[in-house]
Every structure is written in C-alpha cells, then in structure tokens.
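Step one of this worksheet: look at the structure below.
Just so it is clear, the values below take in all heavy atoms, side chains as well, and ignore hydrogens, waters and symmetry mates. In this chain, residues are counted from 1 in sequence order. Bear in mind the structure is a predicted one, so any value in this text is a computation, not a measurement.
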Amino acid sequence: MNKTRLEAFSDGVLAIIITIMVLEIKVPHGHEFADLKPLIPKFLSYILSFIYVGIYWNNHNYLFHGLSKVNGKILWANMYLLFWLSLIPVVTGWMGEHNFAKNAMALYGTILFLCAIAYYILERVIIIAEGKNSVLAKAIGYEVKGIVSAVLYILGVVFSFYSEWISGAAYFIVAMLWLIPDKRIEKVFASKN
C-alpha cells in the first residue's frame, strides 16, 4: 500500500481533532472584554492541546518520511494512535470547563500518556517493517525524550490529586521538550541525499 493515503487520512483526522477543540470555545454573550474572562481556562487548555496535536502532526510527518512501505500492522498501529489522539478534545473540554480540576487533570495526563505509548508502538512497528538497519532505525536510536516524557506524564497524573499546578507544569514541560520537531530523522535523510 502507498503511504500517501495513510498520511492523508491521518492529516484529516488531526485537522478534525483541532476543529472539534476550537468549537468547544463558545462565543460569549456579552460584548465587553470582561465577558471573555470565563473563557480563559478553556482557551489555555485549548492552547496546550493544540500544541500537543501539532507536535504529533510534526513528528508523524517525520516518521512517515522514512517509511518506504505500509503493511497491516502499520495501519493498525496508526489507527491506535489516532484513537487516543481523538480523545484529546474530550479531556481538553473537560479540563477547561472545570478550571483544571484534579480529576480532569489526571484524565488529561492519562490520555497524553496513552498517546505517547501509541506513538512509540507505531514507531517500533515501522522500524520492524523497515528493518533494524534502516535509515529510520538509525535516526531514531535511543528514546531519551520519550522516556522523560513518559515519566513526566506519570508524575503529572499522580500530582494532579495534590496540586493542579505541578501537574500542569509537568504537561507543559513535555510539550516544550517536543515543541521543536525531532531533527534526528531530518539529519539522517539529509546526509543520505
């Protein structure tokens, strides 16, 4: 199977996820700037989730750049990732609606953790399909950022029951770690050309 259809489908799902998230922010009834104040938690949760979806989109593109063929395992691993990503609008809305309450923060972190696990599975399935000596396998190497991210997600979930600020800081730090796309794949492909 050609990877173009898989990339186009994934791009479409991610675009819909962002659209659903922004539709959760309702226009205020008043016309004063003060009427925007209740939207601040929703807007902040939207910004963080938008960054996360953007990070996955960027890294998904880099990951598929190194892919030469698609098989059934890759299709299902990609669907597994899209499933967890599709839940981000729900937890984003819940978190913003309830001013970053403990349970909402815990569920948000759990979904982010499961997205990270799903991405890791997709990455491994692709590397297995391409071979351990493939350009992609060499580019990815050891996942330090991935391990640090997983630990921070777990800490964020645990701390959400004690301090929403610490929990939010953990999720924000992970986003900042990944905000700049992973250049390992880009560097390896550039050196091959």
Side-chain angles (χ1 to χ4, degrees), residues 10 14 17-18 21 44-67 74 77-92 94-96 100-130 132-191:
S10 300
L14 293 172
I17 289 169
I18 289 172
M21 286 189 318
L44 291 174
S45 64
Y46 169 75
I47 290 170
L48 183 60
S49 294
F50 184 92
I51 290 169
Y52 268 108
V53 173
I55 288 166
Y56 277 103
W57 181 78
N58 278 321
N59 287 313
H60 191 273
N61 283 330
Y62 277 112
L63 188 62
F64 276 74
H65 182 73
L67 184 63
I74 293 170
N78 192 66
M79 289 300 292
Y80 184 65
L81 171 62
L82 294 176
F83 170 78
W84 290 113
L85 288 171
S86 72
L87 293 176
I88 288 177
V90 176
V91 293
T92 300
W94 194 37
M95 189 171 65
F100 303 93
K102 293 174 178 12
N103 291 334
M105 292 294 281
L107 186 58
Y108 186 75
T110 301
I111 296 299
L112 292 178
F113 177 75
L114 292 169
C115 288
I117 296 297
Y119 184 84
Y120 177 79
I121 290 169
L122 176 61
E123 192 176 73
R124 293 296 129 203
V125 167
I126 289 172
I127 288 172
I128 289 168
E130 294 291 311
K132 63 182 179 179
N133 293 322
S134 67
V135 173
L136 187 61
K138 291 175 184 171
I140 290 173
Y142 186 68
E143 284 286 337
V144 174
K145 280 195 328 186
I147 293 168
V148 169
S149 298
V151 169
L152 285 170
Y153 287 141
I154 292 167
L155 289 173
V157 170
V158 170
F159 277 106
S160 68
F161 297 107
Y162 303 101
S163 169
E164 296 92 332
W165 289 99
I166 295 172
S167 178
Y171 306 148
F172 180 76
I173 290 168
V174 174
M176 293 305 103
L177 283 173
W178 290 96
L179 192 59
I180 298 170
D182 197 337
K183 298 288 187 185
R184 295 176 294 177
I185 297 171
E186 189 176 285
K187 287 179 184 175
V188 171
F189 281 109
S191 68

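- Atoms CG and OG, from Leu107 and Ser160 in turn, are 9.5 Å apart once rounded to the nearest 0.5 Å.
- Taking the side chain as every heavy atom from C-beta outward, Asn103 and Trp94 approach each other to under 4.5 Å.
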Might you work through the side-chain contact (heavy atoms from CB on, under 4.5 Å) test for Ile126 and Phe64, ending with a clear yes or no?
CA-CA 9 Å; Ile126 289 172; Phe64 276 74; 4.1 Å; yes

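- Here the closest heavy-atom approach between residue Glu164 and residue Met105 is recorded as O-CE, 3.5 Å.
- Between Tyr153 and Phe113, the angle of the ring planes goes over 60°, which puts this pair in the perpendicular group of the 30/60° scheme.
- How far NE2 of His60 is from CG of Leu85: 8.5 Å, rounded to the nearest 0.5 Å.
- In this structure, Asn78 contributes its side chain and Ile74 its backbone to no donor-acceptor pair below 3.5 Å.
- Looking at heavy atoms from C-beta onward, Leu177 lies in side-chain contact with Leu152 at the 4.5 angstrom threshold.
- Annotation: side chain of Tyr80 is not in contact with side chain of Leu122 (no heavy-atom distance under 4.5 Å).
- For Tyr46, there are no side chain to side chain donor-acceptor pair (under 3.5 Å) partners two or more places apart in sequence or in a different chain.
- When the shell of 6.0 Å around CZ of Phe161 is examined, it contains more than 12 heavy atoms from other residues, nucleotides or ligands.
- Across all non-hydrogen atoms, the minimal contact from Ala175 to Tyr52 is N-OH, 3.5 Å.
- Rounded to the nearest 0.5 Å, atoms CG (Leu14) and CG (Leu81) are 7.5 Å apart.
- How far CH2 of Trp178 is from CD1 of Ile51: 15.5 Å, rounded to the nearest 0.5 Å.
- Put simply, the side chain of Leu112 does not reach to within 4.5 Å of the side chain of Val174, judged on heavy atoms.
- In this structure, Phe100 places its CZ atom where more than 12 heavy-atom neighbours from other residues, nucleotides or ligands lie under 6.0 Å away.
- A donor-acceptor distance shorter than 3.5 angstrom exists from the side chain of Ser149 to the backbone of Lys145, with no hydrogens or angles considered.
- Among all heavy-atom pairs drawn from Val157 and Ala106, the shortest one is CG2-O, 3.6 Å.
- Scanning all heavy atoms of the two residues, the minimum distance from Ser49 to Met21 falls at CB-SD, 3.4 Å.
- Using modelled atom types, one side-chain atom of Tyr119 and one backbone atom of Asn59 make a donor-acceptor pair closer than 3.5 Å.
- Of all non-hydrogen atoms in Ser45 and Gly96, the two that sit nearest each other are OG-CA, 3.5 Å.
- The closest side-chain heavy-atom distance from Leu44 to Leu48 is not below 4.5 Å.
- Here Tyr171 pairs with Tyr108 under the ring-ring contact (aromatic ring centres under 6.0 Å, His included) rule; sequence neighbours left out.
- Atom OG of Ser167 and atom CH2 of Trp165 lie 12.0 Å apart (nearest 0.5 Å).
- Listed by chain and number, the residues in a side chain to side chain donor-acceptor pair (under 3.5 Å) with Thr110 amount to none (sequence neighbours excluded).
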